[in-house]
Structures are given as structure tokens and as C-alpha cells.
Amino acid sequence: MSPTDASADAVSAASTDVGDGAGPDESEDSVARGIGRSTDNEDTLELRLPDELVALFEEGRSRVDAATADVAAGHGQRSWSDSTALHAARTPGGDDLLDGVADWGPIATPAGVFQLVPVRVERDLALVCRWMNDPAVTAFWELAGPQNVTEDHLRPQLAGDGRSFPCLGVLEGTPMSYWEIYRADLDPLARHYPVRPHDTGIHLLIGAVTDRGRGLGGTLLRAVADLVLDRRPACARVIAEPDLRNIPSVTAFLSAGFRFSAEVDLPAKRAALMIRDRSLRDLL
């Protein structure tokens, strides 16, 4: 899984982190590409999830509205129990290495209710492929081309051992971003920085041009980093490695409470190692 970065906050540049550039060795892991942005505004804005997923999403959102005022600030544990949480379908390979990303459920953010929904190739391939072909995204994710290029990136993760989990980011019922949550300590990235057990990485791509450059990336990165720390008790740090050239992506991570740790030479790029520490989450 080659990590790339997560992008988004000041995402006016065509790509963001986690999606910025190809991460380490593709031959060893297909998991990492960086953040980017999508093209085709109008088509993206009109896309909606199937009715059954929308119904599940609404069910989870009502639970959040009723019982999670503390989460609205982007911090703290959700008050609804795991037994009543929204249970999305897992990938065939499972995601136990990441403590059930598919079951993390919705979270309230300043931008609205947000949820990570597991990618289904038959449903989501065309959309993710369109985003990957946005010139601004291509510069960092390097997945431009026909749908089989995107499919070849998704399927190894979906059929793998769960160390990387691809998701759509659904904001207020609309799919608007692509995410990869991955075990940085089990990724080739671990060879390039002082890794700790259970370090968890994030890759992000913001789809619609209208969602870039207005702070949305930073808002969602903070929310997802909080989800990781809340749902993965063994994880003490959330990691990202945006391309140093991707200033909007690096800025988004900083605004999301990540700190700049070091410059790292990866096989495909020189990256900014960004870290969000559990111990500092309420201070940054």
C-alpha cells in the first residue's frame, strides 16, 4: 500500500494530500496514492447513493443528532453504543486490522453529518475513476486512465487482509470524497520513518471542485482523525505523507491538528510527514 496524502483544506490546488503523489512502492502495496481533487463539477454534485444506503445513512444520522452533541465539536467519544451503530457491509477481505472501519458510523462535523461508506466496485467505480482523471488529482494520485486502472487500484485493497480500507466520504447524503484508511505500521512507508505499532494513515481525495479551497478538507481530516483515535484505542498517532509540493494539502493537515514532523524521501516523492498525536488532539 503505497501511502500518499490526504488533502483538502485549502484544496484549491488540484490535489490534496493523501492523494498527493504516489507513495512508496506500488509493487508492494497498492494502498497509497495521495489526495487529489476531482473534475466535472456538475455531474459530481448530482450524484446520490442508492436508496438503501441513504436510508441507512439517515438512520445513523438520527442517532447522531439525538445523542452526540459532544461529537459535533469534532472531539470525544460518541454516546451511542456499538450495538446500535450503523453496520455497513464489510469488504470481502474484512478490516479487522483497522478495527472495523465499516462500522464506525456517522459523525457530526461543522460542515454536516459525515460518514465513511465502504467502496463497492460495482456501484462506485465510475465515480472514483472520474475523480482520478481530474488533472489536478492526477498530478498526485497518478491513476488517470480508463476504469480498469482505478479498478486495479481498488480490488487489491478490497480482497486483501484489511490493512488498507477504501471508502467514499458521504457528507449530508452526498458522496463527495474518496478515502483510504491504512495501517501505516504495516505499509512500506514504515521503512522511511520511526514507526510505532498501530500507526494509522489517511489518504484523501476531494471530488468536487466546489468543495475545494474553503476549509472543508481540514474539517473532514480532523473529523476522520478523531474517528481513528476514538475507534482504534491502540492507535496513538494518525499519519499522513503529502507531497511537499502540495502546499494546499500540507496546509489542510496543519489546520486539522496535524504537526509537521519531518521531510521524508519516498520512492515516488519527497513527502512532508504529518502526525496527529492522541496526546495533543485537544491542543492542536
**Study point:** SB check Asp265 Arg270 (cutoff 4.0 Å)
**Key:** yes

Check your understanding: What is the minimum heavy-atom distance between Gly162 and Leu98, and which atoms define it?
Key -> O-CD1, 3.4 Å

**Study point:** For Asn148, side-chain hydrogen bond (donor to acceptor under 3.5 Å, both in side chains) partners two or more places apart
**Key:** none

Exercise for review: Flag the pair Trp104 / Phe165 as yes when their ring centroid distance falls below 6.0 Å, and as no otherwise.
Suggested key: no

Practice item. Calculate, to the nearest 0.5 Å, the distance between atoms CG and CG belonging to Leu171 and Leu216 respectively. Key: 6.0 Å

Check your understanding: Do any N or O atoms from the side chain of Asn133 and from the backbone of Gly145 form a donor-acceptor pair under 3.5 angstrom?
Key -> yes

Check your understanding: How close do Val250 and Asp243 get, heavy atom to heavy atom, and via which atoms?
Key -> CG2-O, 4.1 Å

Point to revise | Rounded distance (nearest 0.5 Å) linking atom CG of Asp230 with atom CG of Asp99 | key: 12.0 Å

**Study point:** salt bridge (charged side-chain N to carboxylate O under 4.0 Å, His left out) involving Arg196 - partner list, sequence neighbours excluded
**Key:** none

**Study point:** Check: Lys269 side chain, Arg245 main-chain N or O, donor-acceptor pair, under 3.5 Å
**Key:** no

Study note, to complete from the structure: Only residue of Met274, Arg259, Arg222, Glu241 satisfying side-chain contact (heavy atoms from CB on, under 4.5 Å) with Phe253 is Met274

Practice item. Check Leu221 against Ala256 and note the closest heavy-atom contact, atom names and distance. Key: CB-CB, 3.7 Å

Check your understanding: What heavy-atom pair brings Val195 and Ala184 nearest, and what distance separates the two atoms?
Key -> CG2-O, 4.5 Å

Check your understanding: Any sub-3.5 Å donor-acceptor pair from Arg281's side-chain atoms to Arg276's backbone N or O?
Key -> no

Practice item. Give a yes or no on whether the backbone of Val113 and the side-chain of Glu172 come within a donor-acceptor separation of less than 3.5 Å. Key: yes

**Study point:** For the student: nearest non-hydrogen atoms of Thr150 and Leu143, plus distance
**Key:** OG1-O, 4.1 Å

Practice item. Quick one: do Val224 and Val238 satisfy side-chain contact (heavy atoms from CB on, under 4.5 Å)? Show the steps, please. Key: CA-CA 10 Å; Val224 171; Val238 182; over 6 Å; no

Point to revise | Test item: Ser164 side-chain N/O and Arg183 main-chain N/O as donor-acceptor pair under 3.5 Å | key: no

Revision key, fill the gap. In short, ring pair (Phe, Tyr, Trp, His ring centres under 6.0 Å) pairs touching residues 204-235 with sequence neighbours left out are none

Review point. Are any side-chain N or O atoms of Arg278 and backbone N or O atoms of Cys235, one a donor and one an acceptor, separated by less than 3.5 Å?
Key: yes

Point to revise | Derivation of the side-chain contact (heavy atoms from CB on, under 4.5 Å) call for Leu220 and Trp179 | key: CA-CA 11 Å; Leu220 297 183; Trp179 298 72; 3.9 Å; yes

**Study point:** Arg155 and its side-chain hydrogen bond (donor to acceptor under 3.5 Å, both in side chains) partner, picked from Glu151, His153, Gln157
**Key:** Glu151

Point to revise | Flag side-chain contact, heavy atom, 4.5 Å: Val101 against Pro118 | key: no

Point to revise | Gap separating the CZ atom of Arg231 from the CD1 atom of Ile107, nearest 0.5 angstrom | key: 9.5 Å

Check your understanding: What distance separates His192 NE2 from Leu266 CG, expressed to the nearest 0.5 Å?
Key -> 5.5 Å

Exercise for review: Give a yes or no answer on whether the side chain of Thr174 reaches the backbone of Met176 with a donor-acceptor pair at less than 3.5 Å.
Suggested key: no

Point to revise | Gap separating the CG atom of Leu168 from the CG atom of Asp124, nearest 0.5 angstrom | key: 4.0 Å

**Study point:** Thr200 backbone acceptor or donor facing Arg232 side chain under 3.5 Å
**Key:** no

Review point. What distance do Ile206 atom CD1 and Tyr178 atom OH have between them, rounded to the nearest 0.5 Å?
Key: 13.5 Å

Check your understanding: So do the side chains of Leu189 and Tyr182 get within less than 4.5 Å of each other, counting heavy atoms only?
Key -> yes

Practice item. Grab the two heavy atoms, one from Tyr193 and one from Ile239, that are nearest each other, plus how far apart they are. Key: OH-CG1, 3.9 Å

